[in-house]
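Since the structure comes first, as structure tokens, the remarks are kept for the end.
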2 protein chains.
Amino acid sequence: MAGQRSRRRIPEATVARLPVYLRILGEQFDVGVGNMSSEELAELAGVNAAKVRKDLSYLGSYGTRGVGYDVEFLVYQIRRELGLTHDWPVVIVGAGNLGQALAGYNGFGDRGFPVGGIVDIDDAKVGSVVGGVRVRHLDDITQVVQARSISIGVIATPGAAAQDAADALVAAGVTSILNFSPTVITVPHGISVGKVDLAVELQILAYHEQRRINAAQGSGLQSLSGLSIPGESRRGASA
Amino acid sequence: MAGQRSRRRIPEATVARLPVYLRILGEQFDVGVGNMSSEELAELAGVNAAKVRKDLSYLGSYGTRGVGYDVEFLVYQIRRELGLTHDWPVVIVGAGNLGQALAGYNGFGDRGFPVGGIVDIDDAKVGSVVGGVRVRHLDDITQVVQARSISIGVIATPGAAAQDAADALVAAGVTSILNFSPTVITVPHGISVGKVDLAVELQILAYHEQRRINAAQGSGLQSLSGLSIPGESRRGASA
DNA sequence: AAACGTTTGTGCACGTTTTCACAAAGGCGA
DNA sequence: TCGCCTTTGTGAAAACGTGCACAAACGTTT
């Protein structure tokens, strides 16, 4: 079963962009687009065309020179490489505000990550149903994880409980964790961790706002254009 | 009013870490810690000590050799540099599942980003109260933004509506946008954009899970240790 | 006042990521 | 079939971020 695939190691920066390409390609396919050039894809993804080509080249030589990429085939290849050929059920730790929101957020299940279980340490929450799933006690997490072969856990607890949640997830056999708490968690070697801190994102934006203000005051109110733009920002014509 | 501050441009990677240091320093201060070394801070932040020192050096020379950094003073300096000396009210576009969750999530207001307004295009939602704020119509966004001098907007709409939301935010005078939709938005030059796509984070983890499986199958089930760890991951002893 | 141990601040080398530039390769029309 | 136009795939350069290693600086102790 060893094809011509996955002999290369894909850079982390590329792995982070492949899901973006995947979504765009899927949308275009649904609208009837059968072929796309790196330039078109780059435009929609908000990145450089050369970057798109280099990113895609890690999957193999799947484009046709002078023509572009077959959308359907590329969708298949990216899904394959990202391991999205089947669903990955996730278990959510924490049935509070954020946990309930994540469980009820369709964007998870729709994209191949159904909520396979929710656990909480609070007996008052255990037994209630959020997002169509019954909340179980944290003590039962191993049972929940093993029953559905779950390998991805989501931490949606307050910061103070995050490390305990991580320890419980790892003990239950989870090997990837997405941490929504503001706390940095410690896990054994070999466990993958992703982190999303909503407040941090806003603080980064606040910094840029602050700079705008400083720049305007510092010099004599010169043009506000030409400021640096962070992250995945974009400018120019619209879609 | 030009002090010794902000003459340097702070690298984006550093800006993304400063909020993490800030939270840790704040917690330590609350527990009575008055002084910290770069090594201690690095341990808690899960990064290299040299990186901490280099990051902090962009703020100025605020450490004392042989001693470390004064926690309270450093908190003040980071807050100042990030523009967190005052609150930044935000306006949320989209009062659906995600919008309501964000509005109800205390982590926003607690960290200096109170919800100053919520708007939606759906008349059925307008008038209802979520997170203590009354939902107004998207058409009134300019009024909402200007009444409270809001400069940060949060997009919590479905992907299809995200570009319209961004256009409305920019037209209303917002200069920073945090986009939770899966769509890449286009904004005029000079507007800062941050993006959080929950599905993308999970897809990155799926890739690592997939690699674990491929590695185990490809060769004769060799040790699962030594796998690469993405993002802000951590290993070793706990806190 | 001098010697000592500690910790900062930073020059430098290294690795990763981005961007440029162009040869190679495919389709298409004459 | 031949030449032209388009677009890929990728070397090489530039930009960026990370980590090591060490001199300079500080408090403390003698």
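Just so it is clear: chains get the letters A, B, ... in the order the sequence lines come, proteins before strands, and each one is counted from 1.
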Q.
On the side chain of Lys54(B), is there an atom forming a donor-acceptor pair with the base of dG17(D) - under 3.5 Å, no angle test?
A. no

Q: State, to 0.1 Å, how close Gly194(A) and Leu205(B) come at their nearest heavy-atom pair, and which atoms those are.
A: N-CD2, 4.1 Å

Q: Assign the ring pair Tyr105(A) / Phe108(A) to parallel, tilted or perpendicular, where the plane angle (0 to 90°) is split at 30° and 60°.
A: perpendicular

Q) So, Glu12(A) versus His208(B): side-chain donor-acceptor pair below 3.5 Å or not? A) yes

Q. For Glu12(B) and dT17(C), what is the distance between atoms CD and C1' respectively, to the nearest whole Å?
A. 16 Å

Q. Is any side-chain N or O of Lys51(A) closer than 4.0 Å to OP1 or OP2 of dT19(C)?
A. yes

**Q.** Distance-minimising heavy-atom pair for Ser176(A) and Ile191(A)
**A.** N-CG2, 4.5 Å

Q) So, Glu209(A) versus Ser192(B): side-chain donor-acceptor pair below 3.5 Å or not? A) no

Q: Report yes if at least one side-chain N or O of Ser61(B) is closer than 4.0 Å to OP1 or OP2 of dG9(C); otherwise report no.
A: yes

Q | Closest non-hydrogen atom pair, Pro114(B) against Trp88(B) | A | CD-O, 3.8 Å

Q. Within this structure, what is the OH-to-P distance between Tyr58(B) and dC16(D), rounded to whole angstrom?
A. 11 Å

Q. dG9(C) P sits how many Å from Glu39(B) CD, rounded?
A. 15 Å

Q.
Can you measure Arg17(A) atom CZ to dT17(C) atom P for me and round it to whole angstrom units?
A. 9 Å

Q.
Expressed as a whole number of angstroms, how long is the span from Met36(B):CE to dT8(C):C1'?
A. 15 Å

Q: Check the distance between dT10(C)'s P and Asp55(B)'s CG and give it to me in whole angstrom.
A: 13 Å

(Q) Just to be sure I understand the rule, does Ser38(A) reach a base, reach only the sugar-phosphate, or reach nothing, if contact means heavy atoms closer than 4.0 Å? (A) sugar-phosphate

Q.
Counting primed atoms plus P, OP1 and OP2 as sugar-phosphate and everything else as base, spell out the protein contacts along nucleotides 22-30 of chain C at 4.0 Å heavy-atom distance: B, S or - for each nucleotide, 5' to 3'.
A. --BBBS---

Q.
Check the phosphate of dG9(C) against Tyr69(B), side-chain N and O only, distance under 4.0 Å to OP1 or OP2. Yes or no?
A. yes

Q) So what does Ala50(B) hit on the nucleic acid, given a heavy-atom distance under 4.0 Å: a base, only sugar-phosphate, or nothing? A) base

**Q.** N or O in side chain of Asn48(B) less than 4.0 angstrom from dG17(D) OP1/OP2
**A.** no

Q) What is the distance, rounded to the nearest whole Å, between atom CG of Leu56(B) and atom P of dT18(D)? A) 14 Å

